[in-house]
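Below is one structure, written out as structure tokens; comments come after it.
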Amino acid sequence: MIQPIHLILDVCVYPLFSQVTSGAFAGLSKLRFLHILVSSSWGGVNVTLEPGVFQGLSSLEELTLAGMSLALAPPALLDPLVGVRRLRVDRAGVRDLGELFCLLSPGMENLETLELPGSMVSSIQNGGCSGSNPWPTVVLSRIRILDLSGNPVRRVEPKSLAVFQNLSSLSLSMVDVWLGQLWGSGMGRVNKLYLSSYASRQFSPSLSDLCTLVVKHGVESLDLHLILITSFTAEDMKRCGPGLRQLSVTSEDLSGMDLRFWTGTGQIQGLVMVLTKLTNASFCSAGGGRVWNLTSLILHDNYLTEITTDQFSCMPLLERLDLSRNHISSLAHRALQGMPFLRVLDLTHNKISLLGKDDFEGLPALEVLLLEGNKISGGIAHGVFRRQHRLQDLSLGEIDIIYQLYLNMLFLGFPTKLQHLLIDTGPGTYLTVGHVPAPEVPMVLELRGKMIQSSDCDNNMFPMVRELKVGEGTKFDCSNDFLAPYFLNLESFEFSANPEKFATPYTTINQLRKLKRLKLTNLNFSNHTDPSVTFRNLTELRSLVLINCRLNFLTRSMFTDLVSLRVLRLYSESPLILLEGVFIPLLSLSTLVFDQVDFRCDCSNGWLLDWADNSRKTQVVLLQRQQCIWHYQRLNFLSTMERLCQTEDDFLSYVSTTAAVCTLLCLALGYRFLRWPCVVLFFRLRGWVERRVGKRWWRRKRRMGGQWEELIEVEEGEEKEEEEVRYDAFVSFSSRDEAWVLGEMAPMLEEEGEPRLRLCLHHRDFEVGKGIVDNIAENIYCSRRTVCVLTRRYLRSDWCGLEMRVATHRLLSEHSHRLILIFLEHISPFELSAFHRLAKLARTRTYLDWPQDEDERVTFWERLRRNIAERDTDELHDPPEAS
């Protein structure tokens, strides 16, 4: 059995109580990542973890618990997790942070990351654990990342965080807390500090207090989220000192921000201002000619409308500029000058309509240029990317009303290191690659739009494309032919067509012999393409995804050459028939996924269920969710097939299995409770049959013979009667009590006193070679009385129990037989109550107690001898003794 190393349990809890029991993950000793995610309408607060639930998970490195209350968790819950490096607890439902700290085991010395978001922690106190036990300080001192975001922290006691002296990251959500509580908490150096307001406008510290916090704790990266800052000036920033390197601000209102704030500290290298409603980013003009050594500037999701001339010229070291999701409609002349080291420029989802010749003139080091999401309708100037020789990733936005696109003219020398190119065109565009040098590295090409046509597909770029993605509804033709023959080196191909508008044969896909991954969406195989030919020659294909490809049948001939296929995913909104044996050629298939397949409710699909059950190397995923069509209704495929296709052999197998199980169960119960009664009944019946058959034989002999025969019969009858009663008493006793029987009882009754009695003792009188059960039954029926010598050892003996049962059966059937009980030791009624038949006899019949006084034993032997020798009375003369 292969043990998983990553396990995710996503549990929806209903009704209101649930628990994870002890030993739930037993046997998963190699598990490294465990995520337990609980969701319910009540927030999961009633989900509990029993002690020992994590027993055996010594190799676990990462644990996530989400949605379960830990307020009443057992103290030793996390003790087995000695190897955990990252612990995340979401929505724990505790008020004091110390309650969560107390759950940490002293053995968790590898713990480096502790995340407790959304756990309703409102205070950080230093009260220790229950029972006057301190926090596990050794474990806490080793933590480098502490995340308390999403908690309404209102109070931080002095010295409550003193155990954390070298945090690399601290995240806190505050509610009306004076920051002086933080620098009085005793914590040491914090490399990255994330502060947020629990809700909008609930936390409004001053920038001067924030800077004091930065200086006291050596903060290098400060991230402020949803914090209301009323003053953001250079004077305030001076208090942050030279140590602050990264500043990130997400605020609904920065109306008090002075664009010259950065001059207060010239050491900030990264600035993030997101969702701040920023309308003007003229930092350089406000700085009065000062140089800002900024390397990263992120201003996405704001209200910027234009980029002015030399707007970022004071940032000569800038490497990344993100202006996405603004309202920028134009780039002024020389707008992007002065950034010779800029490598990443993100202008996605703006309103740029025109790309001028000099827009990117001053960006010679640019490697990534993202223009996706801009409706470029004003045109693209020739040579717009002529300076970008290092370009590796280029995405062109929606090119609208541009009917001719010449790639070679955009670059005036194609960048040989280009790895990713995305082109999004309008209703119809003719794409011309032109005479370009072959790229030095493999490429990823993405094409989107309604119709793209190219007349020069025999170019130097297409053979270098290793991954090709053609977007949904996009028709891409090369001189009215399907594109496959021009991309012979493809390793990954995603193609989405519009079968209602375009009728194109796709059989040339079989020429892509190097293909390893293929995803086809909305192809129309039913009318224009032979699927049995399409997938030929694809011997290296490892993953195949077919989505709504209008396939009516899947046959074995379609997959004949797919010997390397490992993953097959099927999605079809129309009924799909899988012919028997269709997956036999797929020798390497390990995963078969049915995302959505409508089968026919027909027993011809029964082979699929048998194959899924018996296949050892292929895992069939989501088959239980599929449906089939039955009389215009959609029914669950598995349950419907089980009802429709259950054969008579299956039914007979079910009935025979059930009968066999019931028979074995009855035999087991009978052996446990009816074994000895059945043995006794068997010997009684056998004895009765022997006596009845014997009497009939003697009667027949008497009718046939004369007086001589009658005389012989009478004599033999007397001899037989004499033989039938050979002993006065059968003595039933435990082998542990043999010394008393042989030393006291046998000599006293057989050798002394009158009359002398004949006793049957099993070690002396049982016939050698005969079965023990036969000996017991025969000798009891050949004795006038049965004497049971009762001790605790007698009650525990199975053979003594059998002798007791045979004697009581005879007592009930022959009222002349007498059963005499001798209690050799005192046995209380409570101990005797477990033996129902013996307890009833002790209550209803007279028994004898072995006296401890020597003088009373003479009377004991006389009474015993008299009651054994008596032949005609049914009851003992003396009343029962106290027992």
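Below, all heavy atoms of this structure are taken into account, side chains as well, without hydrogens, waters or symmetry copies.
Pairs engaging residues 661-670 under the salt bridge (charged side-chain N to carboxylate O under 4.0 Å, His left out) rule: none recorded [sequence neighbours left out]. Within the structure, every pair that satisfies the salt bridge (charged side-chain N to carboxylate O under 4.0 Å, His left out) test and touches residues 732-747, not counting sequence neighbours, is listed here: Asp737-Arg793. For residues 624-638, the salt bridge (charged side-chain N to carboxylate O under 4.0 Å, His left out) pairs, not counting sequence neighbours, are Asp598-Arg634.
Judged by distance alone, the side chain of Asp79 and the main-chain N or O of Ser105 form no donor-acceptor pair under 3.5 Å. One N or O on the side chain of Thr618 and one on the backbone of Leu589 form a donor-acceptor pair closer than 3.5 Å. The backbone N or O of Leu759 lies less than 3.5 Å from a partner atom in the side chain of Glu750, making a donor-acceptor pair. Side-chain atoms of Glu825 come within 3.5 Å of backbone atoms of Arg792 as a donor-acceptor pair (strictly under, hydrogens ignored). Side chain of Asn775 to backbone of Glu767: a donor-acceptor contact under 3.5 angstrom is found. Of the possible donor and acceptor atoms, one in the side chain of Arg865 sits under 3.5 Å from a partner among the backbone N and O of Met748.
Glu751 meets the salt bridge (charged side-chain N to carboxylate O under 4.0 Å, His left out) test with no other residue; sequence neighbours excluded. Checked against ring-ring contact (aromatic ring centres under 6.0 Å, His included), Phe559 has no partners two or more places apart in sequence or in another chain. Remark: Lys617 engages no residue in a salt bridge (charged side-chain N to carboxylate O under 4.0 Å, His left out) (not counting sequence neighbours).
Remark: Asn605 CG to Asp610 CG distance equals 11.5 Å, nearest 0.5 Å. A distance of 3.5 Å separates SG of Cys788 from CE of Met804, quoted to the nearest 0.5 Å. To the nearest 0.5 Å, the span separating CD1 on Ile820 from CD1 on Ile868 amounts to 5.0 Å. Note that the CE atom of Met745 and the CG atom of Leu824 stand 10.0 Å from one another [nearest 0.5 Å].
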Verdict with reasoning, Lys770 to Glu778, per salt bridge (Lys or Arg N to Asp or Glu O under 4.0 Å): CA-CA 11 Å; Lys770 183 179 289 187; Glu778 181 178 336; 2.4 Å; yes
ring-ring contact (aromatic ring centres under 6.0 Å, His included) evaluation trace for Trp850 with Phe860: CA-CA 7 Å; Trp850 173 246; Phe860 171 83; 5.3 Å; yes
Step-by-step side-chain hydrogen bond (donor to acceptor under 3.5 Å, both in side chains) determination, Glu50 to Ser22: CA-CA 5 Å; Glu50 289 188 352; Ser22 178; 5.1 Å; no
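Side-chain rings of Phe637 and Phe594 stay apart, their centers remaining 6.0 Å or farther from each other. For His762 and Phe730, the distance between ring centers is not under 6.0 angstrom. Remark: aromatic rings of Phe583 and Trp611 are close, center separation under 6.0 Å.
Side-chain atoms of Asp602 and Leu644, non-hydrogen and from C-beta on, never get closer than 4.5 Å to each other.
The two residues Leu63 and Leu60 have their closest heavy-atom pair at CB-CD2, 4.0 Å. The minimum heavy-atom distance between Pro585 and Val582, with the atom names listed, is CD-O, 3.4 Å.
With 2.5 angstrom as the limit on SG-SG distance, Cys782 and Cys760 do not come in below it.
Of the candidates Leu568, Val621, Val620, Val621 is the only one forming a side chain to side chain contact (heavy atoms under 4.5 Å, CB included) with Thr591.
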